[in-house]
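Data first, discussion second: the structure below is written as structure tokens.
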Amino acid sequence: MKIRVEYTKMQTIAVCKGLHSNEQWAVEMAIFAGLMEKNWQVYSGADPEQTGRLAAALGVAPLVARLLLQRGIATAEAAYRFFHPDLRNLHDPFLMADMDVAVSRLEAARARGEKVLIYGDYDVDGTTAVALVHSFLSAQGFFTSYYIPDRHREGYGFSAAGVAFAREGGFSLIITLDCGIKDRDRVLLATEAGIDVIICDHHNAGELPPALAVLNPKRPDCPYPYKGLSGCGVGFKLMQAYSQRAGIEPGRLFAFLDLVTISIGADIVPLTGENRILARFGLALLQTQRRPGIAALLEQADFKKSALTISDVVFLLAPRINAAGRIFSGTQAVALLVSDSGEDARPIARAIEENNKTRKALDSAITGGARQLIAADPFYTDSFATVVYQPDWHKGVVGIVAARLVEQFYKPTVVLTENEGKLTGSARSIAGIDLYETLSKCAPLLEQFGGHTMAAGLSLKPANFEAFREAFDRVVGETLGYRRPTPQLPIDAELSFDALDHNLFQQLEWFQPFGPENMTPLFLTRGLVDAGGTRTVGNDGKHLKLQLRRADGSRAIDGIAFDMGHLAGMLKEGRAADVVYSLEENEWNGRVSLQLMVRDIRLSANQASVTPAS
């Protein structure tokens, strides 16, 4: 697909020449804040004839057909499946390697009344998976209990303490969820204790551990057709396979799709294929049949809307569920998710909300400290990666801090703290850098690592910090060809304001749920000016409430631009701007109107003489 790359940082600075000093300062502050450093990638569009044929076949606007083609959906039949997800189109779970062995072992455990331990990671993906599998198997008459490792004492993955808990408790089968693929030694420890292990994981797989069954669509020999499942999704497939074998009515399992959907949103897995089907029906459950724990959590968050989107899952639910494992214990999150009543759920939700407030404060403090380290160390002036460490940083928030530093500096980032004599922490990446592969090339310096392309966890000896920092930076530099990457902002189409109406918005809503590989469509409109209603809002005028029109006087449309309040003066001076945005509907006092959710703003390259709006 052809892409047109728009002007970048240096060209934007050139446009600023000749502005009044206060205007130039505002724009340059936006540049250095990272708001104007992105390369705008405008899709040139699919073949016009192909677009026209697909639009005619579907009876939709050409723009909708173009968006489908940009997502690889080229026929009316494929578009129908995309717009109408169907649970009957879920893949056969027995296509997954080792699934038959895993289900047979579950059947034996049920028949013999064995005790089964459901073991999961402490993040959202792991805790939702544990809640799902524990609740479903318990309802089928299994004797189950669950175990979430302590983030600080045990760290990530299948732990020796977890094996000891299973051995002492008389468990003969362990099901690991969202972990286990990298834990060969602990699997051996369990096997030697006479405990069988079924691994349900979705992290990149190297050498497989010697478990009874390893369920992971990413293992090299697994023929399962969809590779993008979350850890909870893999657990769901195991329950689906067991249900099929046991003749259990599918709706009894589908009642847990809300948990699968929360895991999909929180773990940032692709919103395509099977995940799209699962998420569409899970979101419906989150809107109509909220389990007590979710309802209590939303009540604490003061969420009043009836509809819940993937964005709400990512930015509202996931941070709170994660806060349990980051600050206190992931067991708290599972207890919330399996609560049978609001009476049981509300005190847990209140405790989790307090944990989330603590998490926010730690996040802010540690991010500030990390930025000071970076500013004071000449290493980072020319580095291609960021690796920072302080022994007293809270282990529960280092992943969030890594993400914040990536946003600011756009470099793959590792943030480490000290725990029981080892450095341990989290990594976050940028486009073009596979963290798992990068860490694999640094493996001799590491004690343990695992994860995905964009996120990973690791531990190392303190004596290896400097060597690891150098090695990690070198591998990243080599992978990038020693070029400094710039964040990319993919734009689906350039539009006139005249094209924006409620009918178009409704057709764009068919693309929901949005997420990786099916992102919210972004549009570009050039030459917009203040229509008189632009002002700063929020604490310290941090955000920008916009009212924009074309310089030629076309209709005005409202918008909101987060973290862009410093641009208000530039727009008030009547300067024309090019704006990248997505569309949403805003309801106020019973009136529904279109609103722009602004993602980026630049001065138009050719500044016309514009009279400032009164």
Side-chain angles (χ1 to χ4, degrees), residues 1-4 41-91 225-226 228 257 261 264-265 269-288 307-311 489-525 555 557 580-586 592-597 599:
M1 182 171 297
K2 294 180 179 179
I3 294 175
R4 183 171 74 254
Q41 296 182 317
V42 185
Y43 289 109
S44 60
D47 175 76
E49 291 187 8
Q50 188 181 22
T51 301
R53 286 195 301 270
L54 185 58
L58 295 172
V60 298
L63 175 62
V64 173
R66 175 177 170 178
L67 294 174
L68 287 168
L69 290 167
Q70 288 170 187
R71 286 156 176 74
I73 300 166
T75 67
E77 292 75 18
Y80 183 86
R81 290 194 300 272
F82 180 78
F83 287 143
H84 301 88
D86 191 330
L87 289 168
R88 292 172 297 183
N89 291 331
L90 293 175
H91 298 301
Y226 188 71
L257 286 180
T261 300
I264 287 171
V269 292
L271 255 298
T272 57
E274 199 160 37
N275 279 345
R276 180 174 172 80
I277 299 172
L278 297 169
R280 176 69 74 88
F281 286 90
L283 284 171
L285 283 177
L286 286 167
Q287 292 170 14
T288 60
L308 200 72
T309 67
I310 283 290
S311 291
L489 185 61
I491 300 167
D492 291 274
E494 186 171 340
L495 296 181
S496 162
F497 263 18
D498 295 336
L500 306 183
D501 57 29
H502 289 281
N503 182 56
L504 173 63
F505 175 80
Q506 292 301 322
Q507 293 188 27
L508 293 177
E509 285 293 279
W510 299 343
F511 288 81
Q512 291 268 22
F514 297 120
E517 299 183 30
N518 180 42
M519 298 300 288
T520 305
L522 294 182
F523 306 114
L524 165 64
T525 300
R555 67 183 177 125
I557 299 181
V580 178
Y581 57 88
S582 60
L583 274 182
E584 63 176 28
E585 281 187 329
N586 183 44
V592 178
S593 60
L594 286 181
Q595 178 175 269
L596 312 182
M597 182 60 69
R599 290 286 301 276

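Atom set for the values below is all heavy atoms of this structure, side chains included, hydrogens, waters and symmetry mates excluded. We number each residue from 1, following the sequence as shown.
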Rounded to the nearest 0.5 Å, what separates atom [atom1] in [X] from atom [atom2] in [Y]?
{"X": "Asn89", "Y": "Arg276", "atom1": "CG", "atom2": "CZ", "answer": "12.5 Å"}
{"X": "Glu494", "Y": "Ser44", "atom1": "CD", "atom2": "OG", "answer": "12.0 Å"}
{"X": "Leu596", "Y": "Phe497", "atom1": "CG", "atom2": "CZ", "answer": "5.0 Å"}
{"X": "Arg66", "Y": "Gln50", "atom1": "CZ", "atom2": "CD", "answer": "12.5 Å"}
{"X": "Phe523", "Y": "Leu63", "atom1": "CZ", "atom2": "CG", "answer": "5.0 Å"}

Minimum heavy-atom distance [X]-[Y], with the two atoms named:
{"X": "Leu283", "Y": "Pro513", "value": "CD1-CB, 3.8 Å"}
{"X": "Thr272", "Y": "Pro516", "value": "CG2-O, 4.4 Å"}
{"X": "Gly273", "Y": "Tyr226", "value": "CA-CE1, 4.0 Å"}
{"X": "Arg599", "Y": "Leu489", "value": "NH2-CD1, 3.7 Å"}
{"X": "Ala55", "Y": "Pro62", "value": "CB-CA, 4.0 Å"}

Quick one: does [X]'s side chain have a donor or acceptor within less than 3.5 Å of a partner on [Y]'s backbone?
{"X": "Asn518", "Y": "Arg71", "answer": "no"}
{"X": "Gln507", "Y": "Ala61", "answer": "yes"}
{"X": "Asn275", "Y": "Val269", "answer": "no"}
{"X": "Arg280", "Y": "Gln512", "answer": "yes"}
{"X": "Asp492", "Y": "Leu522", "answer": "yes"}
{"X": "Ser582", "Y": "Pro521", "answer": "no"}

Q) Are the charged groups of Asp47 and Arg53 less than 4.0 angstrom apart, N to O? A) no
Q.
One pair to check against side-chain contact (heavy atoms from CB on, under 4.5 Å): Phe83 and Leu68. What are the steps and the verdict?
A. CA-CA 10 Å; Phe83 287 143; Leu68 287 168; 3.7 Å; yes
For a 4.5 angstrom cut-off between non-hydrogen side-chain atoms, does [X] reach [Y]?
{"X": "Leu500", "Y": "Arg555", "answer": "yes"}
{"X": "Ile557", "Y": "Tyr581", "answer": "no"}
{"X": "Leu67", "Y": "Ile73", "answer": "no"}
{"X": "Glu274", "Y": "Leu90", "answer": "yes"}

Q: Determine, stepwise, if the pair Leu58 / Trp510 fulfils side-chain contact (heavy atoms from CB on, under 4.5 Å).
A: CA-CA 13 Å; Leu58 295 172; Trp510 299 343; over 6 Å; no
Q) So His502 and Leu594, side-chain contact (heavy atoms from CB on, under 4.5 Å) or not? Walk me through it. A) CA-CA 7 Å; His502 289 281; Leu594 286 181; 4.1 Å; yes
Q: Using a cut-off of 6.0 Å, state whether more than 12 heavy atoms not belonging to Gln506 lie near its atom CD.
A: yes
Q.
So if I apply the side-chain contact (heavy atoms from CB on, under 4.5 Å) rule between Phe281 and each of Ile277, Leu278, Leu285, which one comes out positive?
A. Ile277
Q.
Under the criterion side-chain contact (heavy atoms from CB on, under 4.5 Å), I'd like the reasoning laid out for Thr261 against Ile310: C-alpha separation, chi angles, the key distance, then a yes or no.
A. CA-CA 8 Å; Thr261 300; Ile310 283 290; 4.1 Å; yes
